[in-house]
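Structure, as structure tokens:
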Amino acid sequence: QVRLVESGGGLVQAGGSLRLSCAASLLTFSNYAMAWFRQAPGQEREFVGAVTRSGGRAYYADSVKGRFTISRDNAKNTVYLQMNSLKPEDTAVYYCAADRTVVPRTDRYEYEYWGQGTQVTVSS
């Protein structure tokens, strides 16, 4: 059974940084675009960013552009989300997701596999 396991969440002050990781198993990792989504309490799950199969190109939501960076290591079956200059409004549960597509999509309903999520809390 395919598993995506996120880690690296926690509590950080505004302006700080966190690095999330998502390790995949039982998945031909390099065949999947990988994305990060987040969901705050009472809010819809929203697209944060995604990276192509090779890691050659990344896409970001406007709200995180310039602050967050997505990368992947196909040898380790792992995708990362480096989050800098964090703001209280970045507080959410962060999920990684896998989609067997060439061009990453922003619609969460297109993603086939999901992790269980990791909590990120940014204090002001």
Side-chain angles (χ1 to χ4, degrees):
Q1 184 174 349
V2 171
R3 289 190 70 201
L4 301 178
V5 179
E6 300 96 336
S7 60
L11 173 65
V12 63
Q13 288 189 329
S17 298
L18 279 176
R19 188 194 196 203
L20 306 184
S21 299
C22 171
S25 58
L26 298 180
L27 182 76
T28 306
F29 190 68
S30 59
N31 285 353
Y32 288 79
M34 298 298 297
W36 288 93
F37 289 78
R38 66 186 182 186
Q39 188 167 19
Q43 306 273 334
E44 298 248 329
R45 191 170 299 188
E46 65 173 3
F47 174 80
V48 173
V51 64
T52 56
R53 295 171 174 181
S54 67
R57 186 163 183 178
Y59 304 81
Y60 300 95
D62 288 343
S63 58
V64 306
K65 205 171 290 184
R67 299 188 298 122
F68 290 11
T69 302
I70 296 176
S71 61
R72 66 190 292 164
D73 185 339
N74 285 350
K76 295 182 178 180
N77 286 3
T78 302
V79 61
Y80 305 96
L81 180 65
Q82 177 67 44
M83 305 185 293
N84 299 328
S85 303
L86 282 160
K87 305 174 181 180
E89 51 263 45
D90 294 319
T91 295
V93 177
Y94 282 71
Y95 299 89
C96 67
D99 180 18
R100 195 182 177 104
T101 184
V102 174
V103 178
R105 295 179 276 198
T106 61
D107 184 348
R108 66 184 187 271
Y109 296 108
E110 300 289 353
Y111 283 78
E112 185 175 357
Y113 299 109
W114 290 85
Q116 82 291 346
T118 185
Q119 176 70 46
V120 171
T121 303
V122 184
S123 63
S124 57

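Values reported hereafter were calculated over all heavy atoms of this structure, with side chains retained and with hydrogens, waters and symmetry mates removed. As the structure is a computational prediction, the values presented were derived from the model and not from experiment. FYI, the numbering just counts along the sequence from 1.
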Query - Summary of salt bridge (Lys or Arg N to Asp or Glu O under 4.0 Å) pairs that have at least one residue in residues 109-118, sequence neighbours excluded - result: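 Matches after skipping sequence neighbours: R105-E110.
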
Would you confirm whether [X], through its side chain, and [Y], through its main-chain N or O, come within 3.5 Å as a donor-acceptor pair?
{"X": "R19", "Y": "Q82", "answer": "no"}
{"X": "N77", "Y": "L26", "answer": "no"}
{"X": "T101", "Y": "D99", "answer": "no"}
{"X": "T91", "Y": "V122", "answer": "yes"}
{"X": "R67", "Y": "M83", "answer": "no"}

Report task. Under 4.5 Å between side-chain heavy atoms, chaining through other members, with only Ile, Leu, Val, Met, Phe, Trp and Tyr counted: pull out the rest of the cluster around Y80, sorted by chain and number. Result ->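 None; Y80 is a cluster of one.
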
Query raised in the report: Under a single-linkage rule joining Ile, Leu, Val, Met, Phe, Trp and Tyr whose side-chain heavy atoms are separated by less than 4.5 Å, which residues share a cluster with V5?
Result: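 Once heavy-atom contacts under 4.5 Å are chained together, V5 still belongs with nothing else.
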
Requested in this report: Using side-chain contact (heavy atoms from CB on, under 4.5 Å) as the criterion, list what pairs up with S7, not counting sequence neighbours.
Outcome: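 S7 satisfies side-chain contact (heavy atoms from CB on, under 4.5 Å) with S21 once adjacent residues are dropped.
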
Requested in this report: Cation-pi check, R72 to F29: give yes when NZ or CZ is under 6.0 Å from the six-membered ring centre and within 45° of the ring axis, no otherwise.
Outcome: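 Yes; both conditions hold, so R72 lies above the ring face of F29.
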
Query raised in the report: Restricting to pairs with a member in residues 40-69, which pass ring-ring contact (aromatic ring centres under 6.0 Å, His included), not counting sequence neighbours?
Result: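 Residue pairs with at least one partner in residues 40-69: F37-F47.
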
Report task. Hey, could you give me each pair passing disulfide bond (SG atoms under 2.5 Å apart) that has a residue in residues 25-75? Not counting sequence neighbours. Result ->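 Checked against disulfide bond (SG atoms under 2.5 Å apart) - neighbours excluded - no pair reaches residues 25-75.
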
Query raised in the report: Should D62 and K65 be marked as a salt bridge (Lys or Arg N to Asp or Glu O under 4.0 Å) after you check the CA-CA gap, both sets of side-chain angles, and the distance that decides it?
Result: CA-CA 5 Å; D62 288 343; K65 205 171 290 184; 3.1 Å; yes

Query raised in the report: Do V48 and Y111 share a hydrophobic cluster (ILVMFWY, side-chain heavy atoms under 4.5 Å, transitive)?
Result: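 V48 does not cluster with Y111.
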
